[in-house]
Structures are given as structure tokens and as C-alpha cells.
Amino acid sequence: MTDRRDARPPSAAPDVEPARTIPRATLEGDTVEAGRALLGARLVRDPVAGLERRVGRIVEVEAYVGVEDRASHARMGPTARNRVMFGPAGVAYVYLVYGMHHCLNVVTEHEGRPAALLIRALEPVAGIPAMRAAREAAAPSRRRAAGPVSHHRPVAEERLAAGPGLVAAAFGIDRTFTGLDLCDPASPLRLECRSDDEPEPVVVATPRIGIAFAGEPWVSRPWRLVAAGSPSLSGPRAR
DNA sequence: GCAAAGATTTGCT
DNA sequence: GCAAATCTTTGCC
């Protein structure tokens, strides 16, 4: 059987143009503005270890902006943990929170100005079985110890990445991903633009979650951005 | 060197 | 609705 693609000269364009990654310039300006642009975009992870390609639509982000932001990891200045926040935009910053959950951030703004967007929730688009498998592998030992006969319903598809720790678990992301360029089309984990035929999401801004320690005015800043009506927002009641 | 708290999730009361 | 799980990073002695 013949494959027509073999007949095409090497210089010809492919049948399906590869999705474009988010332009770095989109992330180099104001972080909240970049967050609005990121809603509707896709997080893509290439196949790995027998798991198929995973794609999620970004529906919730939070902005952390500057050393003056008392909720930000950058508040104490550059340290071993947060130093990539002070670097160029488009780079991944992954940290461990509460000793068990990883959180994925995208660095924003210009070098020397520490800022980032926390990816808080995704709508699964492709690779759902891989997301389930990765979440199972990342589950705390207590739950795994319950054994294969534990009686809890499987997680609903739209809830597989409905929280910052769940995004990292479903995509198999840990701190070794820190420093990865998410704007590089060759990167195994990257950000791809929303397709043009897809409607731009309606954006709602709310205060950020879990930062009461920061105090005012930071706890009230409307720097959590969500795609209105998404079934995949973080929190038990899709807050 | 040690103590405390954290950009969360889950299961039980 | 609340507390446990779990460990790195930071602040203070």
C-alpha cells in the first residue's frame, strides 16, 4: 500500500500545521494580562513511558507579581528555590507544597522582575487514560495502601486536573521540570495557543486561594482568573 | 542546628 | 466541617 505523504518533497509543508506555542512576548508584559491570554491555551505533554500525549485546556490561573507581593515565593528575594522567577518569561517554575503536591508556574515579565502564573486547573482534552494513570502513581501512599479493592468512584474526567496539585499529578510534573522552556515547540512540556476556531473564554477575576498569610492588600487582589462556567475549576464545589 | 509553616487534597466525623 | 498526610524551605537561636 502506498503512502501519499512519501511522494511529497521534503520541503513541502505538512498536512496539518503544528500548533504554535505561546509567543514569549505574550508572557513578558503585565502578569495579570498574560494570565488572561493564557486562559483557553493548552498545556501539552509529549508521550512518555508508554503514556500517550496529554493535552489540557487552561481554565484557571493565579498571578504572583514582584517581591512586593507578600503571597509570592519571591517576597524574600532570590533564593535557591525561587531563582527562576527572576529569570526570563516562559520558563517553568515547579515547587513542592505541603510536602506532597507539586505546583506548576509559568514565569512572566522581564528578567530581574520576579513574577509567575500558577496553573491551577485544566480541562482534559486528550490523554485521559494517561492522566488517570499518572494520578494513581502520584497518589499518597495512604490511599494506595487501601489496595485495589478500595470502594471509591473513579474521578470524573473533567475533575482530573481541577486544582494546582492535580494539574501536576495528572501530567506527571515535578521539580525536575523547573527551568524548562514552555515556549519552545521542541519542549516535552509546552504551552500551545488556543485554536482560532475556539471561542475566547469569558474571564472572571477573584481573590487568590490559600494565601491568607499574606494579609492585605494582597489577599484581596483579584489575581485569580478563571474561564467562566468551566466544569474543571479548582475546589470541592468548583469555586 | 532546630522549629514552624506552607500558592493542597482527601477522607472521615 | 475538620484534621491528617508529608517534607522542603525559611526564620531564628
Side-chain angles (χ1 to χ4, degrees), chain A residues 31-32 34-35 38-39 43 58-86 91-109 114-122 131-132 134-147 149-156 158-179 205-226 232-239:
Chain A
T31 300
V32 175
L38 218 48
L39 291 181
L43 182 70
I58 298 172
V59 293
E60 179 176 340
V61 300
E62 271 177 5
Y64 291 86
V65 189
V67 291
E68 66 274 20
D69 180 357
R70 302 308 288 172
S72 173
H73 286 173
R75 62 185 180 273
M76 67 291 285
T79 67
R81 177 173 68 160
N82 68 22
R83 65 187 163 72
V84 298
M85 287 185 74
F86 292 76
V91 168
Y93 166 49
V94 183
Y95 64 88
L96 182 66
V97 73
Y98 297 115
M100 58 185 78
H101 301 294
H102 294 277
C103 295
L104 170 67
N105 296 256
V106 183
V107 174
T108 56
E109 307 208 8
L117 288 161
L118 170 67
I119 308 298
R120 286 190 59 92
L122 306 170
M131 294 184 198
R132 290 191 188 284
R135 277 198 51 168
E136 192 60 34
S141 53
R142 168 169 48 84
R143 197 153 70 75
R144 279 204 310 265
V149 285
S150 75
H151 53 70
H152 65 275
R153 289 177 322 204
V155 181
E158 68 273 15
R159 307 299 299 167
L160 280 170
L166 301 179
V167 167
F171 275 66
I173 295 166
D174 61 28
R175 283 175 297 175
T176 65
F177 284 68
T178 293
T206 80
R208 294 173 291 180
I209 305 289
I211 56 145
F213 64 88
E216 294 291 0
W218 311 106
V219 29
S220 295
R221 288 275 144 85
W223 287 353
R224 169 175 174 261
L225 308 171
V226 308
S232 303
L233 300 184
S234 70
R237 283 187 26 181
R239 62 200 168 198

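First the proteins, then the strands, lettered A, B, ... as listed; each starts at 1.
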Heavy-atom side-chain proximity of Arg75(A) to Val67(A) below 4.5 angstrom: no
Closest to side chain of Val97(A), choosing from dA7(B), dT9(B), dT10(B): dA7(B)
Nearest-neighbour nucleotide for the Leu96(A) side chain, dT10(C), dT8(B), dC7(C) considered: dC7(C)
Flag, side chain of Arg135(A) to backbone of Leu160(A), donor-acceptor distance under 3.5 Å: yes
Candidate nucleotides dT8(B), dT10(B), dT8(C), ranked by approach to the side chain of Arg135(A) - the nearest: dT10(B)
Nucleotide nearest Arg81(A) (side chain, heavy atoms from C-beta), chosen from dA5(C), dT9(B), dT9(C): dT9(C)
Touch class at under 4.0 angstrom, heavy-atom based, for Arg224(A) against every strand present: nothing
Near-parallel close stack of Tyr64(A) and dA7(B) base (under 5.5 Å, under 30°): yes
Touch class at under 4.0 angstrom, heavy-atom based, for Arg208(A) against every strand present: nothing
Base paired to dA4(B) (Watson-Crick or G-U; both N/O distances under 3.5 angstrom): dT9(C)
CZ/Arg132(A): more than 12 non-hydrogen atoms of other groups inside 6.0 Å: yes
Out of dA7(B), dA5(C), dT9(C), whichever nucleotide has its closest atom nearest the side chain of Arg175(A): dT9(C)
Nucleotide of dA7(B), dA5(C), dT9(B) approaching Phe213(A) most closely (side-chain heavy atoms): dA7(B)
Presence of donor-acceptor pair under 3.5 Å, side chain of Tyr95(A) and base of dA7(B): yes
Out of dT10(C), dT9(B), dA7(B), whichever nucleotide has its closest atom nearest the side chain of Tyr93(A): dA7(B)
Side chain of Leu166(A) (C-beta onward), nearest among dT8(B), dT6(C), dT10(B): dT10(B)
Distance between P atoms of dA3(C) and dA5(B) (Å, rounded): 15 Å
Asn82(A) (side chain) donor-acceptor with His73(A) (main chain) under 3.5 angstrom: yes
Exam field: side chain Ser232(A) to backbone Glu158(A), donor-acceptor pair closer than 3.5 Å: yes
Side chain of His101(A) - closest among dA7(B), dT10(B), dT8(B): dT8(B)
